[in-house]
Amino acid sequence: MAGLSEAGVRVIALSWVDNAGISRVKGVPLDRLPRLADHGVGMSPVFDTFLVDDSAASADGHGGPVGDLLLVPDLHRLTHLAAQPGWAWAPADRYSQGGDPHPGCHRSFVNRMVQTAADLGLSLRMGFETEWSIGPGGLGDGPAYELSRLADAGAYLLDVVDALTAQNVEVLQIHPEYEPGQFEVSTAPEDPLNAADTAVLARHTVRTVSHAHGLQASFAPLTTPSGIGNGGHVHLSLWRGEENLMHGGTGPRGMTSEGEAFLAGVLRSLPALTAIGCPTPASYLRLAPSSWAGVYRCWGWENREAALRFVTGPAGTASHCANAELKCFDQAANPYLVVGSVIAAGLAGCEEALHLPEEFPNDPAHADSADLERRDIERLPATLAEAAGHLEDSAVLRKAMGDHLFGAVLAVRGAEARLFEGRTRAETVEVTRSRY
Ligand code: GLU
Ligand code: MG
């Protein structure tokens, strides 16, 4: 408290992410921190059923006006907000008033999956890439990845890096992305819970820095009907102690058998995982072929059109660098649901000692359809309703999440698919843009 007070902090923002992928918050004055850490602060469970437009899905056993939950800060991640003077931030776990973890709490879902892996002697390192767009007439117009876009956007991007660094988030790279006014920052791999927390903090930081520059950042899957989307790619590697299981084995591209089985489990569950990582109808407008969004269920070494891109890094670094990147997900996704579900799908692959199919070395959109069929390579679900159907059928994800959380996610996906029925592409993008 003394440190935060010295840094000028007066209020703590306590946030959690709902099933629609929106971060919700309560603010508590710093001098109440001891009480907050012990007893939390109240918040209605109705948010478990909230949709992207703040309407609520009706679902048995969820939502409604009755009851309360406690938001309890994880003090390990408590940090001042460098770009929002006077404020600190902490991610919240949600508990019942009796002190039991709320069965719909996403952070406790991640903790359960991390523990399941740990029971097998396994751990994971994960990291999210953060892409965002600022509105028309903003900074950084010009060609993709163009150096001169830094002429006007350089000071802005520097503020993003400085704020993240001051909050102990390790930045790996930052650049102007494909679209005018689109940018990306990547942060270092961490354990799964911290990776999801960092994704929340990174977005909030970008948003706040943007605001200070008079700009509005959007992390929505698509921000213009004809544009390129914002992805929320997830990097992951599986470890046994100090050994990276993505390297040093006799499997494809040097994977160990466990590393291969984990990725095979993820690939197998990808249609169901799409309902987690691409959670809103606008997500499916982003999932276009040949735009580096990885819309085919296949894997390939350094293949940016495969949903699962395998990366070995510069020669000699694979022992710590080798990892896989899930390219199909976006940032409408709740990052805790993403990491927890990916771990569950991967561990199921390990349990069954699955093998990966042959890798695919090209853009599947340009491949012969008979070849794709022979290799069992299909497009990921084309609509939220289709993805939600795969999720509903996923025994692996149902068991991992537990009936309460699984039921809430399915209710939200179903209601959101219905909410957007009959809307045009432009309307869907318009409604979604300012929500993420
Ligand atoms: N913006 C692309 C997407 O929608 C990704 C570009 C990249 O690979 O960095 O996922
Ligand atoms: Mg990118």
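In this chain, residues are counted from 1 in sequence order. Both ligands and their constituent atoms are indexed starting at 1 by order of listing.
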Answer yes or no: does an N/O atom from Ala293 fall short of 3.5 Å to an N/O atom of ligand 1?
no
Give the numbers and elements of all ligand 1 atoms closer than 4.0 Å to a heavy atom of Glu184.
9 (O)
Less than 4.0 angstrom from a charged side-chain N to a carboxylate O is my criterion; do Arg77 and Glu190 meet it?
yes
Please name the atom of Glu184, restricted to N, O or S, that is closest to the Mg ion (ligand 2).
OE1
I'd like to know if Asp368 and Arg375 make a salt bridge, using a cut-off of under 4.0 Å between side-chain N and carboxylate O.
no
Tell me which protein heavy atom sits closest to atom 8 (O) of ligand 1, plus the residue, atom name and distance to 0.1 Å.
Lys327 NZ, 2.9 Å
The closest protein heavy-atom partner of atom 6 (C) of ligand 1 is Glu131 OE2, 3.3 Å
Against heavy atoms of Gly231, which atoms of ligand 1 measure under 4.0 Å?
3 (C), 4 (O), 10 (O)
Between Gln84 and His211, is any side-chain donor less than 3.5 angstrom from a side-chain acceptor?
no
Between Arg268 and Glu352, is there a salt bridge with N-O shorter than 4.0 Å?
yes
Return the name of the atom in Glu131, of element N, O or S, nearest to the Mg ion (ligand 2).
OE2
Just to check, does His233 reach to within less than 4.0 Å of ligand 1 when the distance is taken from its heavy atoms?
yes
Go through Phe183 and His175 one step at a time and tell me if the ring-ring contact (aromatic ring centres under 6.0 Å, His included) criterion holds.
CA-CA 6 Å; Phe183 303 96; His175 60 262; 9.1 Å; no
Just need the protein heavy atom nearest to atom 9 (O) of ligand 1, so name the residue and atom and give the distance.
Glu177 OE2, 3.0 Å
Is the shortest distance from a Lys or Arg side-chain nitrogen in Arg398 or Asp393 to a carboxylate oxygen in the other one below 4.0 Å?
no
Measuring from the Mg ion (ligand 2), name the closest N, O or S atom belonging to Glu177.
OE2
Would you say ligand 1 has an N or O under 3.5 Å from any N or O of Arg286?
yes
Aromatic contact between His404 and His62, with the criterion being ring centroids under 6.0 Å apart: yes or no?
yes
Report yes or no: is the cationic atom of Arg423 (NZ for Lys, CZ for Arg) closer than 6.0 Å to the six-membered ring centre of Phe420, at no more than 45° off its axis?
yes
Ligand 1 versus Arg304, non-hydrogen atoms closer than 4.0 Å: side chain, backbone, both, neither?
neither
